[in-house]
Amino acid sequence: MNVGNLAHPAEEVAPKLLGAILTHETPEGTVSITITETEAYSGTADPASHAYRGRTPRNAVMFGPAGHLYVYRSHGLHWCANIVTGADGIASAVLIRAGRVIEGEDLARKRRGGTVESPRLARGPGNFCQALGITAEHNGTDLLTGASVTLSEGEPVPAALIRVGPRVGVSRAHDWQHRFYLAGDPTVSAYRLSPRAQPPAGA
DNA sequence: GTTTGGATCTACT
DNA sequence: GTAGATCCAAACT
């Protein structure tokens, strides 16, 4: 994974991020997680995107250059991490929904409370951030300039294992085929639709 | 200044 | 399966 690859629309970058590795180095230790599930939030035309209503102080990072980390708090409790993609000025980002811990599992489990099964350590956006130790202070971090959080290329993922599906947990445009995940991976959650999601037409 | 809604997760029934 | 926890930011009056 490199800057060139990231400077494309989120829906193009999202599948390429599968198999990539996010590493967070802290005084406590290092945790590395292979990304197994992503979701694309594509510009101001996406009703579910934070950038839908234009640039605001909170989502300003999304409008910046690719390769930065956009962290925000959801429901007052959880942190969600996005990797900003697209050219500078284009609000495009990929939400990291799930991953598999490949290094520092003990530390990740400790952050999650100590009694979490391995496949669950980084399952779900909030849990992913918790396991990796991502908080608001990492918002705006440049993943490509040697900060504590870095993005690196993992083992190539067979294209046949990459699946596309509707987005989960969003209240609008949840049927956009912008969710990408590795087929059969135990760390990928089979989440229900958001309670606020609009029911399918005709249901 | 006030209100409302949200890209979630966990626990309990 | 269902409800609750819990905080911030954007939009509106």
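Sequence lines set the chain letters: A, B, ... in the order given, protein chains first and strands last, and positions in each chain run from 1. Predicted, not measured: the structure shown is a model, and the values here were computed from it.
Atom CZ in A/Arg123 sits about 13 Å away from atom C1' in B/dT8, given to the nearest Å. Between the CG atom of A/Leu77 and the P atom of C/dG4 there is a distance of 15 Å, given to the nearest Å. Atom pair A/Asn139:CG and C/dC7:P shows a separation of 19 Å (rounding to whole Å applied).
The aromatic ring of A/Tyr41 stacks onto the base of B/dA7, its centre lying under 5.5 Å from the centre of the six-membered base ring with the two planes under 30° apart.
Salt bridge A/Arg123/A/Glu37: absent, no basic N to carboxylate O contact under 4.0 Å.
Cation-pi geometry between A/Arg167 and A/Tyr41 is met: under 6.0 angstrom from the ring centre, within 45 degrees of the axis.
Across all strands shown, nothing is found opposite B/dA7 as a Watson-Crick or G-U wobble partner with both distances under 3.5 Å.
Under the 4.5 Å side-chain criterion, counting only non-hydrogen atoms from C-beta, A/Leu69 is in contact with A/Val149. Two residues are said to be in side-chain contact when any heavy atoms from C-beta on lie closer than 4.5 Å; A/His68 and A/Met62 fail this criterion.
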Footprint string (nucleotides 8-13 of chain C, 5' to 3'): B base within contact, S backbone only, - free, heavy atoms under 4.0 Å: SSSS--

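At a threshold of 4.0 angstrom between heavy atoms, the contacts of A/Arg120 with the nucleic acid are absent.
Expressed to the nearest 0.5 Å, how far CD1 of A/Ile90 lies from CZ of A/Phe63 amounts to 9.0 Å.
For A/His75 against C/dA5, no side-chain N or O and base N or O form a donor-acceptor pair under 3.5 Å.
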